[in-house]
Novice: 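This is the structure, below, for whatever I ask next.
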Amino acid sequence: MSTRTAHLDIRGMSCANCSQAINDALESTDGVHEASINFATDEGTVEYDPEQVSLATIYETIDDAGYHAERASRSIGITDMSCANCAEANETALESVPGVIDVEVNYATDEAQVEYNPVDASLEDLYAAIENAGYMPVREEDGGDGEGQSDQERRDAARQAETRKQLRLTIFGAVLSAPFLFFLANRFLLGGAYVPETIFGIEFGWVEFLLATPVYVVLGREFLANSYTALAKNRTANMDVLIALGSSTAYIYSLVVLLDLLAGNLYFDTAAMILVFITLGNYLEARSKGQAGDALRKLLEMEAETATLVDDEGNEAEVPLEDVAVGDRMKVRPGEQVPTDGVVVDGQSAVDESMVTGESVPVEKESGDEVIGSTINKNGVLVVEATKVGEDTALQGIVQTVKEAQARQPEIQNLADRISAYFVPAVILNATFWGLIWFLFPEALAGFVGALPLWGLVGGGPAALSTFEFAIVVFASAVLIACPCALGLATPAATMVGSTLGAQNGVLFKGGDVLERAKDVDTVVFDKTGTLTTGEMTLTDVVALGGKTAVTDGGETATDGGTLTARPSLEDHEVLRLAASAERNSEHPLAQAIVEGAEERGLEPTTPDEFENVPGHGVRATVEGREVLVGNRRLLESEGVDPSPAADEMERLEHEGKTAMLVAVDGAVAGVVADADTVKDSSADAVAALQERDLDVMLITGDNERTARAVAEQVGIDPDNVRAGVLPEDKADAVEDIQSGGRKAMMVGDGVNDAPALAVAYVGTAIGSGTDVAIEAADVTLMRDDPLDVVKAIRISQATLDKIKQNLVWALGYNTAMIPLASLGLLQPVLAAGAMALSSVSVLSNSLLFRRYTPDHDYRLFGWLRR
C-alpha cells in the first residue's frame with residue numbers, strides 16, 4: 001500500500017473549531033489515513049493512499065467543508081506529440097507527480113492544463129515529468145531568447161519552430177526522394193524499361209540505398225526515438241510506432257535483399273517516401289494547428305503597447321502598457337485603443353467593442369461608464385481611470401477562459417480516447433495476422449483477392465512476388481494505413497475552433513464539455529430583471545390612498561369611517577418622501593429608483609433613524625420618529641398591517657407590468673409606489689428563436705405574479721411557464737424542481753443573485769456586463785446584455801458537435817475502408833502512408849473551414865448527423 005503526504009495552505013479558518021471541522025471531514029474520507037490541520041499557521045498535512053483517494057477529492061472535501069486549500073493552475077506547451085496516445089502519456093506522467101490535482105492534455109493545441117498544489121509541486125517538477133515521458137515542455141525562461149515573452153508568445157514561438165523544422169525535413173526528404181517517383185513509375189507503369197541496371201557505374205540497387213539511407217536516418221530518427229520512448233518508458237504504442245514499423249520493415253527488408261541474403265525486390269523507395277509523406281503530413285498538421293489558434297493570437301495582438309498617462313496638473317506621459325497601474329488615469333484620443341480596463345472619469349465618446357463582445361455598433365460612453373481594454377475609441381477624447389491591468393483585464397480573461405475550454409474536452413472525446421488507446425496494438429496484431437495468413441495461405445487468398453480491380457497496385461500479388469515478400473508488403477501497408485491521428489484530432493480540433501468562435505461572438509464556454517452540453521438543453525429558464533429586462537428601474541407612480549385611515553388600538557385597520565384613532569391621509573409627495581427616506585440605505589435597484597425618483601421631484605429624503613432590510617420582502621425603518629414599511633403584501637401582513645385598502649391600485653399597477661410596493665406608516669397603509677423595468681428590445685426575438693428550436697422557455701422571478709405575467713406576455717412566454725414570487729435563495733430549488741422531471745435546463749441570469757440557480761442548472765448562463773468574464777457559478781458567460789446571445793450559444797454548441805461528428809465519421813470511415821484494403825494486399829505501403837497523412841490533414845482542414853461559420857443562423861451542413 002502506497003502512502004503520500006500532502007502539505008496544504010488553507011484559507012478561511014477563523015478558530016480552532018474550523019480546523020477541527022476540516023480534520024473530521026478529511027479523516028471520514030475513504031483512503032485518508034491521517035489529517036492534521038493547524039489553525040494558527042493556516043496549514044495542514046494529509047496522509048492518504050493515492051490508489052483509494054485522489055488529491056482532487058481531498059480538495060473537494062475541504063471546499064465542501066466551507067474552506068479553501070491553495071492551488072495553482074498552469075498551461076504548459078508541449079512539443080513532439082504526434083497523436084492522442086502521446087497526450088495520454090503526458091497526462092499519465094503529470095498525474096503521477098505528487099501534488100498534481102488535475103490534468104488535461106490537448107493534442108490539438110499541444111498544451112497541458114495542470115492544476116496543482118504549489119506547496120508540494122513546482123513548475124520544474126511538471127517540466128521534468130513531461131521530459132521523462134519523452135516530450136519537450138515549453139519552459140519559462142529567466143533570460144535569453146525567452147526573456148520578456150509571455151507564455152503564449154513562447155508557445156507560439158515553439159510551434160513556429162516546430163513548423164519550420166518539419167518543413168526543412170520535408171524539403172530535405174523530398175529532394176532525395178524525387179528520383180523515386182520516376183523509379184516507381186518505371187516499375188509499375190513502364191514495365192521497368194527506362195531505368196538501367198547501373199548508374200554512373202553504380203549498381204541500381206545501391207543508388208536507391210544511397211538515396212534512401214539519409215532520408216531514413218534523418219527523417220526516421222525522430223520516429224524511432226519516439227517509438228522507443230513510447231514502448232520502453234510509457235509502455236504504450238503510439239503513431240510513431242506504426243510509422244517506425246512500416247518504414248523500418250521496408251528499409252531493412254530491402255537492405256537484406258541488397259546484401260543477397262534474401263531474394264526479392266527492393267523497397268528503398270517505399271521506405272523513403274513513407275517518411276516523406278508522413279513528415280509532409282506533420283508539417284501541414286503543425287501549420288493547421290497554428291491557423292486554428294490565429295483568432296486568439298490576433299485578439300492578444302490587439303492589445304495596446306503604450307498608454308498616455310495624465311496627472312492632476314494635466315501633464316501627459318506615454319509609457320509602456322506594462323507600467324500602467326490600477327488608479328492611473330489615461331487619455332484616449334479618437335482612433336486610439338483603450339489601453340486597459342477602466343472607468344470613464346471625463347469625456348464622452350462611442351467605443352467599438354466588437355473585438356470583445358461581438359457587438360458591431362459602437363457603444364456610447366460617458367463619465368462613470370466602464371470600458372474594456374483594447375477596444376477602440378471612435379470620436380471624442382476620454383480620460384479613463386485604470387481598474388484592471390495585466391492578466392486581470394477582460395481580454396486576458398477571455399483568452400484564458402477559451403484556453404481552459406479547449407483543455408476540457410467534450411464527453412464524446414472519451415469515445416475517441418478509448419478507441420485510440422487500443423487502436424495501435426490492434427492494428428499491429430491485425431497487420432501481423434494478415435502477414436502470416438498471406439505467408440501461409442497465399443494461393444487460397446490470391447484466388448479470391450486476385451479478381452479485385454486494385455490488385456495491380458501491389459505488383460500483381462504473390463504471382464509476381466515471393467510469398468514472404470508479399471507478406472512483408474501486406475504487413476507494412478496494414479501498419480501504415482491505420483494511424484489514429486485523424487481520430488485523435490477529430491474532437492479537439494473542432495472544439496478549439498468552436499470555443500474560439502464563441503469568444504469572437506461574445507460567448508465564453510467554461511469547457512469543451514459545456515460546449516457539448518449546451519446543444520442538449522430542452523428548457524431555457526430566464527431570470528426577469530437584468531436578463532429579459534434592462535434592470536434599470538425607474539419610479540413611475542406614486543399613489544396616496546384617498547379618505548382617512550383609522551388605526552385600532554389592537555393594530556387592526558379600517559378605511560373611510562374607522563371608529564378608532566382616526567388621522568388624515570398623507571399627500572402623494574409625503575408618501576414618496578417617507579418611502580425614499582426608508583429606502584435610502586438600501587442598495588436594491590427598486591429602492592434606488594424610489595430615492596432617485598424623489599430627488600428628481602425636488603424632495604429631500606432624510607436618513608432613517610433605524611433601518612432593517614427584509615430580504616425578498618422590503619425594508620423596515622424609523623423615519624423622523626414614524627414607523628415606515630416599504631415592500632410587498634407579505635411584509636405588511638407579517639407586521640400586522642392589512643394591505644387590502646391598496647388592493648385595487650396594486651392590481652392596476654401590476655397588470656401594467658410595473659413593480660408595485662406598499663407604503664405603510666405607523667401601522668396603516670398610506671400609499672403605493674411603483675417602479676418599471678423596460679423589456680429589452682431583443683427579448684421577444686430571443687424567445688421566438690428558442691421556441692422555433694422546440695425549446696420550452698420559462699420565466700422565473702422574485703417579482704409578483706401580475707408583473708411577471710405582464711413581462712411574459714410582452715416577450716411571448718406562455719403564462720403557464722411563469723414562476724413568480726421566488727426568493728433568491730429559492731431559485732436553485734425552483735430550477736431543480738424543473739429538472740426533476742428529466743428536463744435539461746439552461747438557467748440564464750445575471751450571475752449575482754442567480755448564482756445558486758446557475759450552479760444547479762444543466763447549463764448555467766450568466767449575462768455579463770462586458771468586463772466580468774469569470775462568473776464562477778456559470779458554465780457560459782455572455783459578454784453582452786443581449787438575450788439573443790443565448791440562441792448564439794446553443795447554435796455554436798450544435799455546430800461544433802456537428803463538426804466533431806463529421807470529423808469522427810471521416811476518421812472512422814477512413815480506417816474502416818482502408819484497413820481491409822491493406823489487409824487484403826490491395827495497397828502499396830507508400831500509398832498507405834500517403835493516405836494516412838492525408839486523413840489527418842483532411843480532419844484539420846474540415847475543422848478550419850468551421851471558422852467561417854456565423855451563429856446568426858442554424859448550422860445546416862451535414863445536419864443529418866445530428867440524429
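By convention here, the first residue in the shown sequence is residue 1.
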Novice: How long is the straight-line distance from OG1 of T163 back to CZ of R168, given to the nearest 0.5 Å?
Specialist: 10.5 Å
Novice: Whether the side chain of T500 engages the backbone of M496 through a donor-acceptor N/O pair (distance < 3.5 Å, no angle test) should be reported.
Specialist: yes
Novice: Quick one: does K803's side chain get under 4.5 Å of V497's, heavy atoms only?
Specialist: no
Novice: Is the shortest heavy-atom distance from the side chain of N846 to the side chain of F850 under 4.5 Å?
Specialist: no
Novice: Could you tell me whether the side chain of D520 reaches within less than 4.5 Å of the side chain of Y762, counting heavy atoms only?
Specialist: yes
Novice: To the nearest 0.5 Å, what is the distance between CZ (F223) and CD1 (I278)?
Specialist: 6.5 Å
Novice: Between the main-chain N or O of A174 and the side-chain N or O of S177, is there a donor-acceptor pair closer than 3.5 Å?
Specialist: no
Novice: Quick check: does any side chain N or O of S477 sit under 3.5 Å from a backbone N or O of A822, one acting as donor and the other as acceptor?
Specialist: no
Novice: Determine whether a donor-acceptor pair (N or O, by modelled atom type, separation under 3.5 Å) exists between the side chain of N90 and the backbone of C86.
Specialist: yes
Novice: I want to check something: taking the side chain as every heavy atom from C-beta on, are M746 and I794 in contact at a cut-off of under 4.5 Å?
Specialist: yes
Novice: For A431 and V479, which heavy atoms make the closest approach, and how far apart are they?
Specialist: CB-CG2, 3.5 Å
Novice: Which pair of heavy atoms, one from V218 and one from L169, lies closest together, and at what distance?
Specialist: CG1-CD2, 3.7 Å
Novice: Rounded to the nearest 0.5 Å, what separates atom CG in D110 from atom CD1 in I76?
Specialist: 13.5 Å
Novice: Looking only at non-hydrogen atoms, find the nearest pair between A93 and A133 and report the distance.
Specialist: CB-CB, 3.8 Å
Novice: Under the criterion side-chain contact (heavy atoms from CB on, under 4.5 Å), I'd like the reasoning laid out for L501 against Q504: C-alpha separation, chi angles, the key distance, then a yes or no.
Specialist: CA-CA 5 Å; L501 189 65; Q504 291 173 325; 3.8 Å; yes
Novice: Mark yes or no for whether T79, through its side chain, and M136, through its backbone, hold a donor-acceptor pair below 3.5 Å.
Specialist: yes
Novice: Are the side chains of I243 and L275 in touch, meaning some heavy atoms are under 4.5 Å apart?
Specialist: yes
Novice: Could you check V241 against I428 for side-chain contact (heavy atoms from CB on, under 4.5 Å), going step by step and ending with a plain yes or no?
Specialist: CA-CA 9 Å; V241 173; I428 295 173; 4.0 Å; yes
Novice: Looking at R517 and V763, would you say the former's side chain and the latter's main chain have a donor-acceptor pair under 3.5 Å?
Specialist: no
Novice: Has the side chain of D786 got a donor or acceptor atom that lies under 3.5 Å from a matching backbone atom of L788?
Specialist: yes
Novice: How far does CD of Q166 sit from CD of E222, to the nearest 0.5 angstrom?
Specialist: 5.5 Å
Novice: What distance do I274 atom CD1 and L219 atom CG have between them, rounded to the nearest 0.5 Å?
Specialist: 12.0 Å
Novice: Using atom types as modelled and distance alone, determine if a side-chain donor or acceptor of D352 lies under 3.5 Å from a backbone N or O of P362.
Specialist: no
Novice: Indicate yes or no: at least one non-hydrogen side-chain atom of E305 is less than 4.5 angstrom from one of L321.
Specialist: no
Novice: Mind listing the closest non-hydrogen atom pair of Y135 and I78 along with its distance?
Specialist: CB-CG2, 3.9 Å
Novice: Write down the atom of P787, the atom of D785, and the distance for their closest heavy-atom approach.
Specialist: CD-O, 3.8 Å
Novice: Compare all side-chain heavy atoms of I796 with those of F509 and state whether any distance is below 4.5 angstrom.
Specialist: yes
Novice: I would like to know whether Q798 and D802 meet side-chain hydrogen bond (donor to acceptor under 3.5 Å, both in side chains); could you show each step before the answer?
Specialist: CA-CA 6 Å; Q798 180 69 71; D802 281 355; 3.2 Å; yes
Novice: If we check side-chain contact (heavy atoms from CB on, under 4.5 Å) with V790, which of these qualifies: V524, V521, V507?
Specialist: V524
Novice: I'd like to know if the side chain of D779 reaches the main chain of G764, judged simply by a donor and an acceptor atom lying under 3.5 Å from each other, with no hydrogens or angles considered.
Specialist: yes
Novice: For E111 and V138: C-alpha separation, side-chain torsions, deciding distance, then whether side-chain contact (heavy atoms from CB on, under 4.5 Å) applies.
Specialist: CA-CA 9 Å; E111 289 181 349; V138 180; over 6 Å; no
Novice: Can you check whether Y216 reaches L224 side chain to side chain, under 4.5 Å on heavy atoms?
Specialist: yes
Novice: Please confirm whether the backbone N or O of L515 pairs with a side-chain atom of S797, one donor and one acceptor, at under 3.5 Å?
Specialist: yes
Novice: Minimum heavy-atom separation for A478 to N430, with atom names?
Specialist: CB-ND2, 4.3 Å
Novice: Rounded to the nearest 0.5 Å, how far apart are CG of D789 and OG1 of T765?
Specialist: 10.5 Å
